[in-house]
Amino acid sequence: MQYNFKDIEEKRRRAWQEKGIFKADPQSGKPKFYCLEMFPYPSGKIHMGHVRNYTIADVAARFKAMRGFEVLHPMGFDAFGQPAENAAIKNNTQPSIWTYKCIDGMKRELEKMGFSYDWEREISTCDDTYYRWNQWIFLKMFERGIAYKKASSVNWCPSCRTTLANEEVIEGGCWRCHTVVEQKELEQWFLKITEYKERLLDDLDQLRHWPGKVLTMQSNWIGKSRGVEIFFRLKDGDTVIPVFTTRVDTIFGATYVVLAPEHPLVKKLIKGKPQENEVLRFIEKVSKESKVVRSSSDVKKEGVFTGAYAVNPVNNETIPVWIADYVLMEYGSGAIMAVPTHDQRDFLFAKEHGLSMRIVIRPVGHMSSAGVQEMTEAYEDDGIQVNSRQFDGLSNQEAKKKIAEWMEQEGIGKIVTHWRLRDWLISRQRYWGTPIPMIYCSKCGVVPVPYEDLPVKLPENAPFTGEGGSPLGKVGEFVKVDCPKCKAPARRETDTMATFFDSSWYFLRFCSPKFDGAPFDAKEAAYWMPVDQYIGGIEHAILHLLYSRFFTKFFKDLGMIPFDEPFLRLLTQGMVLKDGEVMSKSRGNIVDPDSIISKYGADTLRLFILFAAPPETELEWDDRGIEGSFKFLNRVWRIQDNLKDKADETVVRAMHKAIKKVGEDIDNFKFNTAIAGLMELVNIIYQSGADKEVFSKLILMLCPFVPHFAEELWELMGNKDSACVQPWPAFDPVLLIEENVTVIVQINGKLRSKVIVPAETSEETLKNIVFSEEKIKPWLQGRPVKSVIVVPNKLVNIVV
RNA sequence: GCGGAGGUGGCGGAAUUGGCAGACGCGCAGGUCUCAGAAGCCUGUGCCGCGAGGUAUGAGGGUUCAACUCCCUCCCUCCGCACCA
């Protein structure tokens with residue numbers, strides 16, 4: 001007999017809905033647990049990645065509820081963004097219509113999975129009841145100087161016809177369409193995330209329950225490095241070239257200076273020099289090279305001499321100034337001091353162009369020998385200073401400090417900290433996003449939209465042609481507005497916000513999704529936040545998480561929340577693969593969750609996806625594996641037909657053991673072994689039979705994993721109220737203590753026998769038992785016993 | 001190049017943190033039931049060997065009574081960052 005999931009699942013979901021079981025109530029008096037998964041972009045259909053992400057979270061949420069927590073488990077949609085705009089163009093419709101249709105479809109599929117969401121808290125970022133608060137937050141940021149406008153060279157994707165954040169440029173290409181990104185000069189809105197760089201870095205220490213990998217990625221992204229800014233004066237004139245280095249210990253080995261081709265001083269340096277034309281040609285050539293080519297590491301380092309000379313301030317040596325493609329304008333000061341003996345790039349460049357070298361650090365124990373001629377590569381490791389005047393003989397690490405201090409005293413250098421993190425460009429020349437609430441007045445300049453005029457709504461029926469510029473700029477009634485200050489005719493900002501803005505605070509909105517006095521109700525946020533468990537893909541390890549942390553700190557500075565970090569625990573789930581590859585349309589290897597649900601039901605899908613691999617690792621989809629999960633549920637289903645009056649003690653003990661194991665495993669997100677534990681218990685029940693109590697507890701343990709299934713069995717067992725609201729079963733520690741233990745017997749560390757003895761048998765008795773073992777005796781014949789190692793209740797190792 | 005994670009049967013994966021390697025599942029083989037099949041149920045299943053036994057956690061070495069686990073050398077895979085000065 002097979003269980004009829006089709007009837008069961010639908011019926012159970014309706015019952016949960018009617019009873020309002022998943023409603024989060026801040027007044028309950030219970031300890032809170034905020035379980036959140038990264039909300040989806042509403043593409044219209046869920047994929048296996050969603051199923052996995054949300055199933056993992058759902059087990060955690062349901063388990064915590066059974067453990068007596070008041071659980072907040074919300075769901076919503078990250079609904080702004082380019083795909084909707086593209087789809088609208090393609091299908092000749094409006095992004096809002098398309099998006100809300102997708103949300104509907106997606107929500108239906110999510111509901112079919114039986115997730116324990118409090119749907120009353122649903123939010124969509126494209127709803128003006130949501131995005132008006134984006135505008136509110138933006139105005140607050142503007143007031144505090146966090147949001148500002150500047151003209152800058154921005155990344156421009158010619159295919160998407162929009163600007164991209166640095167973070168959206170991957171290896172020189174657009175993160176979405178991989179088209180090579182160009183540079184374009186535009187007036188853009190930025191958020192000064194760099195003002196928070198120290199806190200964003202330092203507070204990573206608080207995040208003890210985040211994967212180390214994510215912490216490392218964040219830390220690298222912020223990219224703090226300490227070094228010295230050294231002032232190289234030009235030999236002729238007063239011009240000073242500031243140079244940043246982290247290896248000031250090598251300063252005495254600097255034999256030339258290199259500027260980035262884009263460096264603003266270059267034109268001045270070459271003016272009137274014989275090299276002028278050659279340099280200009282080189283700059284022209286480099287500027288045409290795409291970033292991809294320029295940054296691929298095996299490319300030969302090219303450069304030209306500028307004809308100018310600079311003075312090394314530590315020894316007054318005159319050294320040539322070059323420009324080269326391997327020096328980047330966007331890092332440091334766009335200029336370097338080159339030390340070919342101790343930097344591999346400089347080494348290769350110097351060899352190529354016959355530039356001079358000087359060794360200033362030697363490895364410890366190799367003080368005498370080897371000259372520059374013998375070097376085949378730069379020596380970049382630690383060592384002892386040589387050719388460095390008063391610093392000779394110091395370890396280079398010590399010299400690094402001493403030289404920096406000395407240079408600062410002499411006024412020829414400055415100890416500085418350099419950060420890789422850049423301000424966040426949020427302007428987008430797109431329609432389907434939050435309008436930036438700013439007005440341009442010819443008299444008053446840039447004027448913020450007054451708070452009482454929010455939201456600035458997106459106009460309906462904007463023209464979509466797919467051709468350049470923002471569609472908002474073409475809607476006259478949107479653009480035309482009176483200046484809030486002087487009432488003269490003015491025009492609105494027509495750019496919209498990057499969608500990462502929307503997702504940087506949605507977790508706060510979930511605490512009070514209908515609140516209309518502010519982005520969130522401070523009281524509710526103080527109760528629910530921070531998020532206790534956050535679950536999502538590793539692809540958001542840097543951007544989304546960094547921005548959310550930034551917003552949280554901003555809200556704290558506004559006095560709206562009392563904490564620094566939004567997410568206490570983070571789990572990044574692995575991807576779902578088919579035949580070793582990511583499921584994707586182009587590969588044609590997609591397994592549609594909906595088809596699996598129709599064939600086996602949501603519970604089987606949930607069970608398989610949890611059982612097949614631990615949450616963090618990649619999961620290989622296996623059609624036969626899912627049948628195994630279905631088989632297991634049927635196996636459990638049949639137990640109800642053969643219940644005994646009283647189960648054997650072995651079964652009862654096994655049950656208590658399972659309660660302990662499964663509970664601990666769920667707490668540690670080891671769902672695969674938790675389910676294995678349940679399978680073991682079921683195997684024992686098939687051997688020895690279960691009674692009503694054992695079976696009931698098994699059902700409750702299954703509840704977080706396969707809730708519809710467990711709920712149905714629970715009712716069939718004669719229970720009136722829902723299984724999901726039952727307390728998690730308790731185990732009896734007394735019953736976990738084994739009466740007899742199996743002790744393994746080893747000779748020289750090799751397993752030779754096992755004996756079953758009463759627990760806590762003394763060492764002496766154990767030895768006696770072991771030495772009289774029939775299987776052991778032959779191994780001891782003619783071999784003197786050197787020593788006997790006894791681990792109580794575990795093993796006896798006889799060394800002969 | 002730098003940083004991180006990892007390498008265990010035919011496959012997905014376990015191993016209480018130094019104490020029976022391979023839990024649990026998939027697959028495979030055999031049995032049972034059946035007129036037959038499917039489904040169930042039971043048994044077996046790392047490799048070599050009829051057997052006693054030997055051997056095995058990427059390769060090699062070391063520490064230890066005992067190593068998947070700790071240390072050293074090397075190889076490979078995946079991920080992130082990357083001419084970052």
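Predicted model only: the values in this text are computed from it and were never measured. In what follows, chains carry the letters A, B, and so on, assigned in the order in which the sequence lines appear, proteins first and then strands, with residues in each chain numbered from 1.
Every residue two or more places apart in sequence or in another chain that forms a side chain to side chain contact (heavy atoms under 4.5 Å, CB included) with Gln397(A) is listed here: Asp382(A), Ser395(A), Lys400(A). With sequence neighbours excluded, the residues that form a salt bridge (charged side-chain N to carboxylate O under 4.0 Å, His left out) with Glu317(A) are Arg358(A). A search for salt bridge (charged side-chain N to carboxylate O under 4.0 Å, His left out) contacts involving Lys197(A) returns nothing, not counting sequence neighbours. Applying the side chain to side chain contact (heavy atoms under 4.5 Å, CB included) criterion to Asp346(A), with sequence neighbours excluded, gives Tyr256(A), Tyr326(A), Ile336(A), Ala338(A), Pro340(A), Asp343(A). Residues meeting the salt bridge (charged side-chain N to carboxylate O under 4.0 Å, His left out) test with Lys401(A), sequence neighbours left out: none. For Thr376(A), there are no side chain to side chain contact (heavy atoms under 4.5 Å, CB included) partners two or more places apart in sequence or in a different chain. Judged as a side chain to side chain contact (heavy atoms under 4.5 Å, CB included), and not counting sequence neighbours, Lys631(A) has no contacts. In this view, Arg226(A) satisfies the side chain to side chain donor-acceptor pair (under 3.5 Å) rule with no residue, not counting sequence neighbours. Under the rule for a salt bridge (charged side-chain N to carboxylate O under 4.0 Å, His left out), the partners of Lys660(A) that lie at least two apart in sequence or sit in another chain are Glu664(A).
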Check: Reading nucleotides 19-31 of chain B from the 5' end, what letters show protein touch, with B for base, S for backbone sugar-phosphate only, - for no heavy atom under 4.0 Å?
Finding: BB--BBSSS----
Margin query: Within the 4.0 Å limit for protein heavy atoms, which parts of nucleotides 46-52 of chain B are touched? Write it as a string from 5' to 3', B for base, S for sugar-phosphate only, - for none.
Written below: -------
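Taking atom C1' in both rG1(B) and rG10(B), one finds a spacing of 38 Å when rounded to whole Å.
A stem is defined here as three or more consecutive Watson-Crick or G-U pairs, each with both distances under 3.5 Å; for RNA chain B these stems are B:1-7 with B:75-81, B:10-12 with B:24-26, B:27-32 with B:40-45, B:46-48 with B:53-55, B:58-62 with B:70-74.
Phe632(A) comes within 4.0 angstrom of no nucleic acid atom, judged by non-hydrogen atoms across all strands.
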